[in-house]
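Reviewing the structure listed below.
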Amino acid sequence: MAYDAETRAQLLDTVRRFVSEKLRPIEAEVAENDAVPEWALKEMRELGLYGLSIPEEYGGLGLTMEDECLVGFELGRCSPAFRSAFGTNVGIGSQGLVMFGTPEQKAKYLPGVASGEIVTSFALTEPEAGSDSASVRTTAIRDGDAYVLNGAKRYITNANKAHLFTVMARTNPDVKGGSGVSAFLVPRDLKGLSTGKPEKKMGQQGAHICDVYFDNVRVPIENRLGEEGQGFRVAMQVLDRGRLHIASVCCGVAERLIEDCVKYAAERKQFGQPIASFQMIQAMLADSRTEAYAARTMVLDAAKKRDAGQNVTMEAACAKLYASEMVGRVADRAVQIFGGAGYTADHGIERLYRDVRIFRIYEGTSEIQRLVIAREMMKG
Ligand code: COS
């Protein structure tokens, strides 16, 4: 639903205050403990953050892509690990169901997804299938009224907490590539499903990724998402949308870093004057502002096109590519502007520098985005 200007402003103001008053003050603690405290998760649920993109008829906020991106800009103003807690419910963990689910599947799961009672996960990547995601080896072989899943998934966000997985598995082992793959809604409590330990990571402590293992997991046929052989397309369409959301979060982190840099440059004195008066510092600030503005404009343009019903495979890839590379450069300049203080843990700049590195990798690497863009350009 498109919010009127006043409701939208209220929502953005609520998220902005939650981020600045509640989440930012505990960033360092969350990174230290590698866990988001339960009270913060509870408030996220109460604010409706788990259900930003879930249609209103199922209890979500039913935001347009544009409004979701505006919220993403706000969420980026604190450690991206917080967003990850509900990010799968908003994006890749729920959107297969929203876009391709049957009325029965939606009625069964979406209200819980919207409220945050059900945490979702998207299980595409495997040890041998990363960028080449059409080569998944996990199998789903039909046996009577069920599909039997065997295999392993890797680096699955929120797998340790998820109650429901969207799993891409090969239903036709004789067919190589995407058309042999189908998508399934797999509840965690099915026998034979297990998850590994959270990986130790470079950044975003408090957000977790784990392996998921399927050992003869019987998934009822009514849990297939879309038609047999459609699973790869389901995954790609989910990612088209997810990439825009991630791009919006990149813009938010960049804005926060720029604000921190401007403030620090005005306070920090060297050679008898604030470093903000030096043109080499000004040049870094100006480059960061220009690039962040460009990324924000791209994200909103692509989101509006998607809301208007256009295919935005190319635009979403452009936005994800540019915004994730942009925030990497902004974070690098921030370390430089803060100097020694940026390299130490005191201001949280080095933490954000590490946190944003994954944006150039997950939901499709920068290389894959370039490939998608070029392919779209060359389509007849
Ligand atoms: N929307 C709808 N359909 C799509 C699509 C999209 N965005 N992208 C591809 N498809 C369809 C194609 O049209 C094609 O259909 P046909 O077989 O009917 O022609 C089919 O899917 C296969 O597409 P394609 O030939 O492009 O597949 P490739 O194996 O060459 O790979 C890439 C495509 C590399 C783009 C894909 O594997 C990819 O995005 N990889 C990165 C995965 C990723 O982001 N992983 C992150 C993990 S999730 S956090």
Side-chain angles (χ1 to χ4, degrees), residues 65 80 83-84 86-96 98-100 120-138 151-159 162 165-172 175-183 199 201 204 207-212 225-247 249-250 302 305-306 309-321 323-324 357-380:
M65 195 70 226
R83 185 213 62 94
S84 200
F86 54 86
T88 47
N89 275 37
V90 174
I92 55 178
S94 71
Q95 291 305 305
V98 170
M99 291 192 267
F100 299 95
T120 59
S121 238
F122 179 76
L124 173 65
T125 300
E126 298 184 354
E128 303 301 330
S131 287
D132 183 9
S133 52
S135 69
V136 292
R137 294 180 182 184
T138 296
K153 296 289 176 177
R154 178 143 294 172
Y155 305 146
I156 305 304
T157 302
N158 283 338
F165 296 87
T166 301
V167 179
M168 268 50 67
R170 191 165 295 284
T171 33
N172 191 342
V175 178
K176 303 279 168 246
S179 46
V181 175
S182 306
E199 302 287 342
K201 311 190 267 55
Q204 295 209 21
H208 301 123
I209 53 172
C210 318
D211 283 357
V212 185
L225 200 51
E227 297 303 314
E228 240 187 55
Q230 254 198 355
F232 184 71
R233 280 167 172 274
V234 170
M236 289 301 111
Q237 289 183 46
V238 166
L239 284 168
D240 280 348
R241 198 182 176 291
R243 287 166 183 168
L244 259 182
H245 177 99
I246 292 296
V249 178
C250 293
K305 284 186 174 146
R306 190 178 191 284
Q310 291 182 37
N311 178 332
V312 293
T313 298
M314 184 179 78
E315 288 83 352
C318 290
K320 159 75 162 64
L321 169 64
S324 62
R357 189 61 183 83
I358 189 63
F359 290 139
R360 285 150 66 186
I361 298 170
Y362 70 9
E363 299 203 22
T365 61
S366 290
E367 292 68 30
I368 290 296
Q369 308 307 331
R370 288 187 174 95
L371 189 146
V372 170
I373 295 162
R375 280 186 185 185
E376 290 295 311
M377 289 167 70
M378 289 184 272
K379 273 187 181 164

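First listed ligand is number 1; within each ligand, the first listed atom is number 1.
- Between the side chain of Gln230 and the backbone N or O of Ala183, no donor-acceptor pair lies under 3.5 Å.
- Judged by distance alone, with hydrogens and angles left aside, the side-chain atoms of Ser182 form a donor-acceptor pair with the main-chain N or O of Gly229 at under 3.5 Å.
- Set against the non-hydrogen atoms of Ala134, the atoms of ligand 1 under 4.0 Å away are 29 (O).
- Looking at Arg154 and Glu126, their side chains never come closer than 4.5 Å, going by heavy atoms from C-beta outward.
- Heavy atoms of Leu239 found under 4.0 angstrom from ligand 1 belong exclusively to the side chain.
- Of the protein's non-hydrogen atoms, the one nearest atom 37 (O) of ligand 1 is Ser133 OG, 2.8 Å.
- The backbone N or O of Gly242 lies less than 3.5 Å from no partner atom in the side chain of Lys320, so there is not a single donor-acceptor pair.
- For the atom pair OG (Ser84) and NE2 (His208), the distance works out to 9.0 Å, reported to the nearest 0.5 Å.
- Of the candidates Arg233, Gln237, Lys153, Gln237 brings a heavy atom nearest to atom 1 (N) of ligand 1.
- For the atom pair CD1 (Ile209) and CG (Asn158), the distance works out to 10.5 Å, reported to the nearest 0.5 Å.
- The shortest contact between atom 22 (C) of ligand 1 and any protein heavy atom is with Phe232 CE2, 3.5 Å.
- Here atom 49 (S) of ligand 1 lies nearest to Glu363 when heavy atoms of Gln369, Glu363, Arg375 are compared.
- With a 4.5 Å cut-off on side-chain heavy atoms, Pro127 and Arg137 do not count as touching.
- Atoms of ligand 1 lying under 4.0 Å from at least one heavy atom of Asp240, given by number and element, are 1 (N), 6 (C), 7 (N).
- Heavy-atom distances between Ser131 and ligand 1 reach below 4.0 Å in at least one pair.
- Between the side chains of Asn89 and Ser94, no donor-acceptor pair of N or O atoms lies under 3.5 Å.
- What sits closest to atom 39 (O) of ligand 1 on the protein, heavy atoms only, is Arg243 NH2, 3.2 Å.
- Looking at Thr166, its side chain never comes within 3.5 Å of a backbone N or O of Phe122 through a donor-acceptor pair.
- Here Val372 has side-chain heavy atoms under 4.0 Å from ligand 1, and that is the only part of it that gets that close.
- Distances from atom 32 (C) of ligand 1 to the protein include no heavy-atom value under 4.0 Å.
- Lys153 contributes no side-chain N or O that, together with a main-chain N or O of Thr138, makes up a donor-acceptor pair within less than 3.5 Å.
- Note that atom 19 (O) of ligand 1 has no protein non-hydrogen atoms nearby, at separations under 4.0 angstrom.
- Ranking the protein heavy atoms by distance from atom 45 (N) of ligand 1 puts Gly364 N, 4.0 Å first.
- More than 12 heavy atoms of other shown residues, nucleotides or ligands fall within 6.0 angstrom of atom CZ in Phe100.
- Distances below 4.0 Å separate heavy atoms of Thr125 from the following atoms of ligand 1: 47 (C).
- Heavy-atom contacts of Thr313 reach the following atoms of ligand 1: 7 (N) (cutoff under 4.0 Å).
- Atom 48 (S) of ligand 1 has as its closest protein heavy atom Phe122 CE2, 3.8 Å.
- Protein heavy atom at the shortest distance from atom 6 (C) of ligand 1 is Met236 CB, 3.5 Å.
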